[in-house]
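First comes the structure, then the notes that go with it.
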Amino acid sequence: MLLSRLAEVSGEVAATAARSRKVALLAELFREAEAEDVPVVIPYLAGRLPQGRLGVGWKVLGRHVPAAPEATLTVREVDAALTELGRVSGPGSQAERARLVGALLGAATEAEQRFLLGLLSGEVRQGALDAVAVEGLARATGAAAGDVRRAVMLSGSLQAVAEALLGEGPDALDRFRLTVGRPVLPMLAHSASSVAEAVQKLGACAVEEKLDGIRVQVHRDGDTVRVHTRTLDDITARLPEVTAAALELSGDRFILDGEVISFDAAGRPRSFQETAGRVGSRADVARAAEQVPVSPVFFDVLAADDRELLDLPFAERHAHLARLVPEPMRVRRTLAEGPGDIPAAQRFLADTLARGHEGVVVKSLAAPYSAGRRGAAWLKVKPVHTLDLVVLAAEWGHGRRTGRLSNLHLGARTADGGFAMLGKTFKGLTDALLAWQTERLLRLAVEDDGWTVRVRPELVVEIAYDGLQRSSRYPAGVTLRFARVLRYREDKSPAEADTVEALLAAHPEVTP
DNA sequence: TTCCGACAGTGGGGTCGCAAT
DNA sequence: ATTGCGACCCCACTATCGGAA
């Protein structure tokens, strides 16, 4: 199949708003694809490369390459070229990668270049990723969409499911069952603004501490242990403590879901930055483990012995978990039967925060484990802080925000009467607010380099954030975690904005 | 008819590893 | 030795479609 056909369909998918039409377009293309093209066509139209990330970013992709006049590239040629690209390493590799990308783009027409650049940068912007591709695949093969989705969640691979389906038909889906040793996409949580709201929504529930670490899925099959991240990367080699802990458990075959976190000598959780740095260390794991030891803390079990537990209610899964994992290696929790238990749940949250943790996750006791979904059955509750900050600049937006000032540079007052930048945010803005702030900020503009518009520091904005963290990038030595806009405060003058001094005083646990 | 669940998009900061300087 | 880039951890929020209620 020609790449130009994919580029054409991708363009049509991007141009239509209706999901049903997107699905139909993808289904039609999947039906057209020859068997040998399927392993490439499916991920491409889901906006992903089968090879994963290839080590090329905006630096290489930003260079302009003259387009070919005629469409001749086949998807298999492109795939072969990108496989080659992924193999390049060692000295001179950056130049070699740039050369290979240039050669590929040079053989592509303008439309094909647009599609390839989207794939390579991971931003196809066609309004269709895995979920829509799954629907299209189901439509193309006559399988039930729910069955296809489940197979993808349980295998973590749209590509594998697609190959089997298109090659063998709907019966092939039976093979994609939960298997110890094969990672499953984890269940995710929604947010709630308070424990009371969460408990009221869910009814009988467990309120569990939320640890600020790295999510892990641990598979043990006899003496073999594998540890996977949220995106199913294998990080077993970096976490010997987790392997050791899994081998100590009484069970012989299981899949556990939990968090890895580092505690200091006093038993307090270390900052996310410290835990993440440790988990990211590959070079000298033994040394890293000595300096920042980590512990697994589990909260769910997906399989035990030869039993698949996904579809059991959480209450029953937890009973299995409690048999398998001793209490110190499980997250702390309290049960709430209904609204009457809200005060106790609130005390549990306060206690959890006092112990240095992030917040709680409230989980319905009746809900199954919805692999790969952000189910409404899990609701996280974290305290929110707010600040009044001054807009120092704004960056021009991309995609649907093109032509709008989007990403705000936020400043707090300093002792000398100036402002120190604390970070940026683009979150929390409605279309109306985007339009308003674009017009308003342009009136305050003092400089526009085409990327960033600097403004007179006169506009005050109320910002919500989850906490403070250390920063080597910003002048105060700290930055806001997960900053988002709540509202503009035109009633406030910049002189009334919050100060760096007060911010630091409010977060004594963080020292710049 | 209205409501709400699921998705995609729009980017944020930090840290590590690797290649280039 | 330092710097820059890319990958991958953590993530919030809004708009939209389309099925559920």
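What you see is a predicted model, and the numbers here were worked out from it, not measured in a lab. Here is how names work: the chains are called A, B, and so on, in the same order as the sequence lines, proteins then strands, and each is numbered from 1.
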| request: Side-chain contact test, heavy atoms from C-beta onward, threshold under 4.5 Å: evaluate it for A:Thr479 versus A:Gln469 and give yes or no. | output: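 Side chain of A:Thr479 against side chain of A:Gln469, heavy atoms only: contact under 4.5 Å found.
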| Contact state string [nucleotides 12-20 of chain C, B base, S sugar-phosphate only, - no protein heavy atom under 4.0 Å] | BSSS-SS--
Specify the separation, in whole Å, of atom [atom1] of [X] and atom [atom2] of [N].
X	N	atom1	atom2	answer
A:Arg53	C:dG6	CZ	C1'	8 Å
A:Arg97	C:dA7	CZ	C1'	12 Å
A:Lys424	C:dC11	NZ	C1'	17 Å
A:Arg473	C:dG4	CZ	P	12 Å
A:Gln51	C:dA7	CD	P	13 Å
A:Leu188	C:dC9	CG	P	14 Å

| message | Which nucleotide, if any, forms a Watson-Crick or G-U wobble pair with B:dC7, using both distances under 3.5 Å? | response |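 Partner of B:dC7: none found under 3.5 Å.
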Taking any heavy-atom pair under 4.0 Å as a contact, classify [X]: base, sugar-phosphate, or nothing.
X	answer
A:Ala276	nothing
A:Ser93	sugar-phosphate
A:Lys210	sugar-phosphate
A:Leu434	nothing
A:Glu123	nothing
A:Gly213	sugar-phosphate

| Residues in side chain to side chain donor-acceptor pair (under 3.5 Å) contact with A:Glu12, at least two apart in sequence or another chain |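 For A:Glu12, no residue satisfies side chain to side chain donor-acceptor pair (under 3.5 Å) once neighbours in sequence are set aside.
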| A:Glu501: partners by side chain to side chain donor-acceptor pair (under 3.5 Å), with sequence neighbours left out |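 Listed in chain order: nothing, the list is empty.
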| Between A:Tyr465 and A:His507, ring centroids under 6.0 Å |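 Under 6.0 Å, so yes.
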| Tell me, which of residues 278-291 of chain A have any heavy atom that sits under 4.0 Å from an atom in DNA chain B? |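 Result for residues 278-291 of chain A: A:Gly280, A:Ser281, A:Arg282, A:Ala283, sorted by number.
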Pair [X] + [Y], salt bridge at N-O below 4.0 Å:
X	Y	value
A:Arg150	A:Asp311	yes
A:Glu28	A:Arg139	no
A:Glu208	A:Lys363	yes

| side chain to side chain donor-acceptor pair (under 3.5 Å): which pairs involve residues 40-60 of chain A, sequence neighbours left out? |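 Checked against side chain to side chain donor-acceptor pair (under 3.5 Å) - neighbours excluded - the pairs reaching residues 40-60 of chain A are A:Arg48-A:Asp130, A:Gln51-A:Asp79, A:Gln51-A:Thr83.
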| query | Tell me the side chain to side chain donor-acceptor pair (under 3.5 Å) pairs involving residues 282-291 of chain A, sequence neighbours left out? | reply |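 Not a single pair qualifies under side chain to side chain donor-acceptor pair (under 3.5 Å).
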| Think A:Trp58 has a side-chain N or O under 4.0 angstrom from the OP1 or OP2 of C:dC5? |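 Negative; the distance criterion is not met.
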| request: Using the salt bridge (charged side-chain N to carboxylate O under 4.0 Å, His left out) rule, collect all pairs that involve residues 380-409 of chain A, keeping only residues at least two apart or in two chains. | output: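 Of all non-adjacent pairs touching residues 380-409 of chain A, those that pass salt bridge (charged side-chain N to carboxylate O under 4.0 Å, His left out) are A:Glu358-A:Lys382, A:Lys382-A:Asp466, A:Asp388-A:Lys492, A:Glu395-A:Lys424, A:Arg400-A:Asp431.
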| request: Enumerate the residue pairs fulfilling salt bridge (charged side-chain N to carboxylate O under 4.0 Å, His left out) with a member in residues 187-202 of chain A, sequence neighbours excluded, ordered by first and then second residue. | output: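 For residues 187-202 of chain A, and leaving out neighbouring residues, the salt bridge (charged side-chain N to carboxylate O under 4.0 Å, His left out) pairs sorted by first residue read A:Glu197-A:Lys201.
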| request: Hey, could you give me each pair passing ring pair (Phe, Tyr, Trp, His ring centres under 6.0 Å) that has a residue in residues 226-246 of chain A? Not counting sequence neighbours. | output: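 Sorted pair list: A:His219-A:His228.
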| message | Nearest heavy atom decides the nucleotide; on that basis, is A:Gln273 or A:Ala95 closer to the 5' end of DNA chain B? | response |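 Residue closer to the 5' terminus by nearest nucleotide: A:Gln273.
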| request: Starting from the 5' end of DNA chain B, give me the residue, A:Arg125 or A:Leu480, whose nearest nucleotide shows up first. | output: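 The 5'-side residue here is A:Arg125.
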Counting only pairs under 3.5 Å, give me each side-chain donor-acceptor contact of residues 97-104 of chain A, with atom names and distances, residues two or more places apart or in other chains.
residue	atom	partner	partner atom	Å
A:Arg97	NE	A:Gly55	O	3.3
A:Arg97	NH1	A:Val88	O	3.3
A:Arg99	NE	A:Glu96	OE1	3.2
A:Arg99	NH2	A:Glu96	OE2	3.1

| message | Can a side-chain donor-acceptor contact be found between A:Ser262 and A:Glu274 if the only test is distance below 3.5 angstrom? | response |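 No pair is found: no donor N or O on one side chain lies under 3.5 Å from an acceptor on the other.
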| request: Give, ordered by number, those residues of residues 137-155 of chain A having at least one heavy-atom distance below 4.0 Å to an atom of DNA chain C; if nothing qualifies, reply none. | output: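 Listed by number, there are none.
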| request: Under the side chain to side chain contact (heavy atoms under 4.5 Å, CB included) rule, what do A:Asp257 and A:Arg215 come out as? Steps first, then yes or no, please. | output: CA-CA 8 Å; A:Asp257 191 0; A:Arg215 182 84 174 264; 2.6 Å; yes
| request: Walk along DNA chain B from 5' to 3' and tell me the first and last nucleotide with an atom closer than 4.0 Å to a non-hydrogen atom of chain A. | output: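 For DNA chain B, the relevant span reads B:dA6 to B:dA20.
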